[in-house]
Structure formats: C-alpha cells, structure tokens
Trainee: 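Before anything else, here's the structure in question.
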Amino acid sequence: MSLSQYLSKSLDTIKRANWYRQEKTITGLCGAIIDLEGEKLVNFASNDYLGLACDKRLMNAAIQAIQEFGTGATGSRLVSGHRQLHENLENAIASWKNTEKALVFSSGYTANIGVIASLVNQKDLIFSDEYNHSSLKNGAKLSQAQIIEYKHCNCAELEEKLVKNRHNYRHCLIITDTVFSMDGDLCPLPEMMAIANKYDCWLLIDEAHATGVMGKTGGGCLEHFEVKGENIIEIGTLSKAMGSLGGYVAGSEVLINFLKNRCQTWIYTTGLSPADAGAALKAIEIIQEEPQRRRQLWENIKLLKQELNSFKMSFMPSESAIICLKSKNAEDAVKFSLKLKENGFFVPAIRPPTVPTSRLRFSVMATHKPEDFRRLKTILDSYQNL
C-alpha cells in the first residue's frame, strides 16, 4: 500500500466516525464577535478570557518590542536569543506568582513536555490524571518514567496507587491540570498537595486555563486555593487570558537554574519573539491593574449559568470559564454546533480522541454582553423542544 493510499484510508475512517476536523478562517480581530468565513458570530470558542488579545495596549507593546528588538530573537536564549525583555517578563511572572524565579518558553506545550522529561526518567514514577492535557501526557511518555493514571480528580485512588507503588521508585511526580480545559472543573489541589507531601512526591501543575482567571489577583488555582509548597512546579501559558503566545515555568531559583541546563525544549529552541514577550508583559500589568476585567468575566460566567439552569440538557459541572454540554455522540455534537452557527453562535464540537465523550464547549469571555447569553438561551430552548 502506498503512503497516499494509507493516508486516504485513515482519513476515511476518521470521517466515518465524525472525527474529521478542518481549520476555519477568522477575518480581522478575534474578540467576543468574530467574522468567521463571512459570517458575524458570537464567539464562544476563544480562550482569550479577559479579551486582551485585541487590546490596543498589547498591540502597541508588541509593536514597540519589534521596533526595539526586531521580529525574532534570532537564536536560543543561551546563545544569542536572550533579551532584557525576556528577563523583565520572567521577573513579572515570578512576582505575580510569588515564586523566586520564572522561565519563559516558546509555548505551554513545549514547557510541559520539556520540564517533565528533564525532571524524571526510567528510574522514576509519574501519576497522571486520566483527563490531563496532551502536553502533560506526552511529556510523561518522553520522560520514560513509569506512568500510572488515576481516575479523574480521584484523590482516594491516587493515594491507593501511591501506597502500592511509591516505594519501588526513586522519585515520584504527580502531574495535573488545575482547570481541565475540556471539562471546566478544578483539580482538588489542597488534597493533592497533602498527598504529595505525605508520600514524598513532587507536584507539577498546569495553570494554563487558571492564570488570569482564578484567584484574587488572577494568579491561578494556587492563589485560589491558597496552596504553597517547595515541591510544586507551576507551568502555564501566555496564550490564553494573557492574549499573547508562549509558556512559562514558575518556581524556586534552583529549579529554574536546573531547567536552563537540562530542559531540551528551552535550551535548543529560539527564544520567545519580542512581540509576544512585549504583549505578555503588558498583559500582566493590565490584569493586575484592572481587576474589573476578571470581575466582569465572573459576572458573565454567573449569567450564563443562570440562563442554563432551566435546561434538561446535560451540562457538565464547571467551576471556571469553561462550560460543556454533553452530547450523545460525535454526529449529534457536530449537528448541534452547526445549528448554533446558523443562528449566530460559534460553539465548537469537541469529539474523540480529544475527549472520551463528545460535547459542545462554551468558553466565556469578559467582553461578552448580557444579550449574547439571552439569545443563546432562546436558541437552546428551541433545540431542546425539537
């Protein structure tokens, strides 16, 4: 069988399962209202929770960074790619996160896979939530450590498996998202920290969908739950609530110095572009100086939940800006997403293999308007009564 024949056959299988995906072109700025392939739609597909990606202050900061440093870092940070702008951004992240140091990566994905693979190896053990993000799971695989999954957010099962397996390995790393991106629920962080301390484990958390959203200052779930610990490795992204691009690790000075010397996805890649670094630095400033953005986001989350309370439809429990509607199967999810699009709403159908069961994922932004939620309720009402 030729390569083309094999690939065509594989694509046919994906299409029959209603798993086939294609990109959709957005024209112009991407906010709460978007122009998607010629249609004006209310956007419930964005991770730009605070509406900063189109903020003129971030745009100007990016332009200023380009004018001062050029369009690219031109090399890895250890060779020729380090700029004062990177250091300023890392200091701002560390200050915000109340850690000694921080380190910026080209993406949250590369941060996760690189950090995990640099911390543990075949002599060690990883415990991973079954619903963890792909980057966490792939980082675990690349590390060559023994991987044991535990049921989603199930601390009792995690502890039971630790009792059975921890003593056989040198180091043990527990990895989890704090806000689960395709479910909207939170990991039980205080309980997990207690278990990590009890069994001499390190705890690596991905704050991608928590940073800027959770906590008094938007510091994330560590701030939200008031959890601290010297064995915590915090990873996150600059591409969601901060409206830019890149990833970060926040932690102790010794952790950051170790990663600078051992983490291959940081050592062997070009430094974050000046534009992205400049925009992210401005975003951190705005988030801290304008808490009303986060308050508005939570008002909108509350409003959407109120509008959905009357439905018989199965909305999944959520404690974040992500609210999911369960679907019977992938075909129904795609059909419902298309119906919403016909009525002016962009709500993506999330299907296997991304998630075990199909769903529609509503992502709330601070820049949504009350009438967006009221109109959405009317459309959902009509669908519910079909």
Side-chain angles (χ1 to χ4, degrees), residues 10-27 30-49 53 109 130-135 137 152 177 179-185 208-209 239-240 300-301 304-305 307-365 367-368 372-386:
S10 296
L11 283 172
D12 287 341
T13 301
I14 292 170
K15 288 175 181 177
R16 285 196 299 271
N18 285 292
W19 292 6
Y20 188 73
R21 294 160 171 81
Q22 285 182 297
E23 65 273 24
K24 300 174 179 64
T25 302
I26 293 173
T27 305
C30 185
I33 304 295
I34 55 172
D35 190 325
L36 180 67
E37 298 176 338
E39 295 182 75
K40 291 288 185 186
L41 303 173
V42 179
N43 183 12
F44 279 106
S46 175
N47 295 323
D48 181 22
Y49 300 115
Y109 204 109
E130 64 177 335
Y131 288 176
N132 273 343
H133 189 266
S134 165
S135 58
K137 292 191 174 188
H152 181 49
D177 289 290
V179 174
F180 287 87
S181 62
M182 295 299 152
D183 300 84
D185 57 345
H209 292 270
S239 65
K240 295 179 174 56
N300 284 351
I301 293 168
L304 178 57
K305 287 184 175 181
E307 296 289 3
L308 298 178
N309 275 343
S310 62
F311 288 101
K312 300 173 186 176
M313 296 176 177
S314 185
F315 283 91
M316 299 165 65
S318 169
E319 301 166 84
S320 69
I322 301 159
I323 300 173
C324 295
L325 170 61
K326 286 184 180 179
S327 181
K328 292 179 182 178
N329 51 51
E331 183 179 7
D332 278 4
V334 172
K335 286 181 179 178
F336 198 177
S337 178
L338 288 173
K339 177 179 175 61
L340 287 169
K341 185 171 180 285
E342 290 169 3
N343 286 276
F345 294 92
F346 182 37
V347 183
I350 309 299
R351 295 156 282 163
T354 303
V355 290
T357 55
S358 296
R359 66 202 63 180
L360 294 184
R361 179 184 183 272
F362 297 82
S363 186
V364 184
M365 298 173 64
T367 46
H368 282 130
D372 297 332
F373 304 117
R374 289 193 290 268
R375 282 209 306 120
L376 177 63
K377 181 179 184 295
T378 300
I379 301 304
L380 292 174
D381 269 331
S382 66
Y383 189 83
Q384 183 174 246
N385 295 324
L386 288 179

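Only heavy atoms go into these numbers, but all of them, side chains included; no hydrogens, no water, no symmetry mates.
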Trainee: Can you list the residues that meet the salt bridge (Lys or Arg N to Asp or Glu O under 4.0 Å) rule with D183, with sequence neighbours excluded?
Mentor: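 Here the qualifying residues are R359.
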Trainee: Taking all atoms of both residues into account, what is the closest heavy-atom pair of R375 and N343, and its distance?
Mentor: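 Smallest interatomic distance, heavy atoms only, reads NH1-O, 3.6 Å.
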Trainee: Which atoms form the tightest heavy-atom contact between G184 and S320, and what is the distance?
Mentor: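 The answer is O-OG, 2.8 Å.
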Trainee: Can you list everything that forms a side-chain contact (heavy atoms from CB on, under 4.5 Å) with K326? Sequence neighbours excluded, please.
Mentor: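 Residues passing side-chain contact (heavy atoms from CB on, under 4.5 Å) with K326: S314, M316.
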Trainee: Check side-chain hydrogen bond (donor to acceptor under 3.5 Å, both in side chains) between N18 and all other residues, then give those that pass, not counting sequence neighbours.
Mentor: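 Scan of N18 (side-chain hydrogen bond (donor to acceptor under 3.5 Å, both in side chains), adjacent residues dropped) gives none.
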Trainee: For F346, what residues pass the ring pair (Phe, Tyr, Trp, His ring centres under 6.0 Å) criterion, not counting sequence neighbours?
Mentor: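 Per chain and number, F346 pairs via ring pair (Phe, Tyr, Trp, His ring centres under 6.0 Å) with no residue.
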Trainee: List in chain and number order the residues that pass side-chain contact (heavy atoms from CB on, under 4.5 Å) with S358, two or more places apart in sequence or in another chain; answer none if no residue qualifies.
Mentor: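 Only S327, A330, A333, R351, P352 meet the side-chain contact (heavy atoms from CB on, under 4.5 Å) criterion with S358.
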Trainee: Could you pull out the closest heavy-atom pair between I301 and A321, with the gap in Å?
Mentor: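 Closest approach of I301 to A321: CD1-CA, 3.6 Å.
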Trainee: The criterion is side-chain contact (heavy atoms from CB on, under 4.5 Å); which residues satisfy it with T354, sequence neighbours excluded?
Mentor: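 Once residues adjacent in sequence are excluded, the partners of T354 under the side-chain contact (heavy atoms from CB on, under 4.5 Å) criterion are R21, M182, I350.
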Trainee: To the nearest 0.5 angstrom, please state how far the CG atom of D177 sits from the NE2 atom of H209.
Mentor: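 With rounding to 0.5 Å, CG (D177) is 7.5 Å from NE2 (H209).
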Trainee: State the CD1-CG distance between I14 and L11, to the nearest 0.5 angstrom.
Mentor: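 If we round to the nearest 0.5 Å, I14:CD1 and L11:CG are 5.0 Å apart.
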Trainee: Evaluate the side-chain proximity of L304 to D372: yes if any heavy-atom separation is below 4.5 Å, no if none is.
Mentor: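 With C-beta onward as the side chain, the pair stays apart.
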Trainee: Output a table of donor-acceptor pairs, distance under 3.5 Å, between side-chain atoms of residues 33-42 and any protein atom two or more places apart or on a different chain; print 'none' if there are none.
Mentor:
residue	atom	partner	partner atom	Å
D35	OD1	G38	N	3.1
E39	OE2	K341	NZ	2.6

Trainee: So, do S181 and H133 sit near enough that their side-chain heavy atoms are less than 4.5 Å apart?
Mentor: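 Yes - at least one pair of side-chain heavy atoms lies under 4.5 Å apart.
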Trainee: Enter the distance from I26:CD1 to S46:OG here, rounded to the nearest 0.5 Å.
Mentor: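 Result: 8.0 Å between the selected atoms.
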Trainee: Would you call the rings of F44 and F362 parallel, tilted or perpendicular, where under 30° means parallel and over 60° means perpendicular?
Mentor: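 Correct class here is perpendicular.
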Trainee: List in chain and number order the residues that pass side-chain hydrogen bond (donor to acceptor under 3.5 Å, both in side chains) with S239, two or more places apart in sequence or in another chain; answer none if no residue qualifies.
Mentor: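 Applying side-chain hydrogen bond (donor to acceptor under 3.5 Å, both in side chains) to S239 gives T237.
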Trainee: Using a distance-only test with no angle check, is there a side-chain donor-acceptor pair under 3.5 angstrom linking H152 and D185?
Mentor: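 H152 vs D185: donor-acceptor pair found between side chains.
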Trainee: Within the distance-only criterion (no hydrogens, no angle test), does the side chain of K305 pair as donor or acceptor with the backbone N or O of S318 below 3.5 angstrom?
Mentor: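 Indeed, once roles are kept as given, a pair shorter than 3.5 Å links the two residues.
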Trainee: Quick check: do D48 and M365 have side-chain heavy atoms less than 4.5 Å from each other?
Mentor: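 Side chain of D48 against side chain of M365, heavy atoms only: contact under 4.5 Å found.
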Trainee: What are the two closest heavy atoms between N132 and K137, and how far apart are they?
Mentor: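 Here N132 and K137 meet closest at O-CE, 3.6 Å.
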Trainee: Check side-chain contact (heavy atoms from CB on, under 4.5 Å) between S134 and all other residues, then give those that pass, not counting sequence neighbours.
Mentor: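 Partners of S134 under the side-chain contact (heavy atoms from CB on, under 4.5 Å) test: Y109, N138.
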Trainee: Is there a side-chain contact between W19 and T13 (heavy atoms, below 4.5 Å)?
Mentor: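 Sidechains of T13 and W19: no contact.
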Trainee: Using salt bridge (Lys or Arg N to Asp or Glu O under 4.0 Å) as the criterion, list what pairs up with E331, not counting sequence neighbours.
Mentor: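 Salt bridge (Lys or Arg N to Asp or Glu O under 4.0 Å) check on E331 returns K335.
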Trainee: Please tell me if the side chains of L380 and F336 come closer than 4.5 Å, counting only heavy atoms from C-beta onward.
Mentor: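 Answer yes - side chains close enough.
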Trainee: From R374 CZ over to I379 CD1, what is the distance, rounded to the nearest 0.5 angstrom?
Mentor: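 Going from CZ on R374 over to CD1 on I379, the span is 14.0 Å.
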Trainee: If we ignore hydrogens and angles and just use 3.5 Å, is the side chain of H368 paired with the main-chain N or O of N43 as donor and acceptor?
Mentor: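 Yes; judged by distance alone, with no hydrogens or angles, the pair exists.
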Trainee: How many angstroms lie between atom OG1 of T367 and atom OH of Y49, to the nearest 0.5 angstrom?
Mentor: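 Between atom OG1 of T367 and atom OH of Y49 there are 12.5 Å.
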Trainee: Is the backbone N or O of I322 less than 3.5 Å from a side-chain atom of S363, with the two atoms forming a donor-acceptor pair by type?
Mentor: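 No.
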Trainee: Under a 4.0 Å N-O cut-off, is there an ion pair linking D381 with K377?
Mentor: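 Salt bridge between D381 and K377, a charged N being under 4.0 Å from a carboxylate O: yes.
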Trainee: CZ/R361 to CD1/I323 distance, rounded to the nearest 0.5 angstrom?
Mentor: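 Here the rounded value is 11.0 Å.
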Trainee: If we only count heavy atoms from C-beta on, is the Y131 to V355 side-chain gap below 4.5 Å?
Mentor: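 No, too far: nothing below the 4.5 Å cut-off.
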